[in-house]
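Here's the structure, in structure tokens; my notes come after.
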Amino acid sequence: MEKINITEKLRTFDKYWQSKLIGEFNSRPVKIIKLKGDFDWHHHKEEDEMLLVLKGQMSIEFQDDALVLGEGDLFIIPCNTPHKLVAAQEASILMIEPKATMNTESYHARKAVKVDDPSRPRQS
């Protein structure tokens, strides 16, 4: 058993929109992501997506609406709901979703990279 300091993990990378694996919860990856700008419209065919805003502010755009989330806000996006994540300024989120989650109709591939992976070069 090992504690995880999310603040320290967030300091280990600067790249936006690339999830970093920090642990597992009931066989589901727990990831942190730094956001800035827009992520393409997408949906998840069979899985819900849970977002917890750790730092900053972001919005989730839906086809007919938008939801603004700030620090400490948690939202679960139901499966098969088209959405777009937007952060005008840098924001950080924690995400839990099944391992098999794939973005449908998205041009960006979100691939989790383990933060403590010694084979991965550190970003400064």
* **Atom pair CD1 (Ile32) and CG (Leu21), whose distance is rounded to the nearest 0.5 Å** => 9.5 Å
* Asked: If you round to the nearest 0.5 Å, how far is OG of Ser92 from CD of Glu71?
  -> 9.0 Å
* Glu47 side, atom CD; Arg28 side, atom CZ - distance, nearest 0.5 Å -> 8.5 Å
* salt_bridge(Lys84, Asp38) N-O dist < 4.0 Å -> yes
* Return yes if some donor-acceptor pair links the side-chain N/O of Asn5 with the main-chain N/O of Thr7 below 3.5 Å, else return no. => yes
* Taking the six-membered ring of Phe13, is the NZ or CZ of Lys20 close enough (under 6.0 Å from the centre) and on axis enough (within 45°)? -> yes
* Under the side chain to side chain contact (heavy atoms under 4.5 Å, CB included) rule, what do Leu54 and Ile93 come out as? Steps first, then yes or no, please. => CA-CA 5 Å; Leu54 302 169; Ile93 63 172; 5.6 Å; no
* Would you mind listing every ring pair (Phe, Tyr, Trp, His ring centres under 6.0 Å) that reaches into residues 67-95, with sequence neighbours excluded? => His42-His83, His44-His83
* Under 4.5 Å between side-chain heavy atoms, hopping through other hydrophobics if needed: is there a path connecting Ile76 to Leu52? -> yes
* In terms of hydrophobic clustering (I, L, V, M, F, W, Y; side-chain heavy atoms under 4.5 Å; direct or indirect links), are Val86 and Leu74 co-clustered? -> no
* Asked: Between Met50 and Ile96, is a side chain to side chain contact (heavy atoms under 4.5 Å, CB included) present by the stated rule, with each step listed?
  -> CA-CA 5 Å; Met50 188 218 78; Ile96 300 175; 4.1 Å; yes
* Minimum heavy-atom distance Ala87-Gln57, with the two atoms named -> CB-O, 4.1 Å
* Asked: Linking I/L/V/M/F/W/Y whenever their side-chain heavy atoms sit closer than 4.5 Å, directly or via other members, would Leu67 and Ile33 fall into one cluster?
  -> yes
* Asked: Are Val53 and Tyr16 connected in the hydrophobic side-chain network, where two residues link if heavy atoms are under 4.5 Å apart?
  -> yes
* So, the side chain of Asp73 versus the backbone of Gly70: is there a donor-acceptor pair under 3.5 Å, distance only? -> yes
* Under the 3.5 angstrom rule, does the side chain of Glu49 hit a backbone N or O of Ile77 as a donor-acceptor pair? -> no
* To do: Output the distance between atom SG (Cys79) and atom CG (Asp48), rounded to the nearest 0.5 Å.
  => 5.5 Å
* Is the closest side-chain heavy-atom distance between Leu85 and Leu51 below 4.5 Å? -> yes
* Asked: Taking a hydrophobic cluster as the set of Ile, Leu, Val, Met, Phe, Trp and Tyr residues connected by side-chain heavy atoms closer than 4.5 Å, whether directly or through intermediates, do Ile4 and Val30 fall within one such cluster?
  -> yes
* Do Ile22 and Lys9 come close enough that some side-chain heavy atom pair is under 4.5 Å? -> yes
* Asked: Does Trp17 reach the main-chain N or O of Lys34 with its side chain, forming a donor-acceptor pair under 3.5 Å?
  -> no
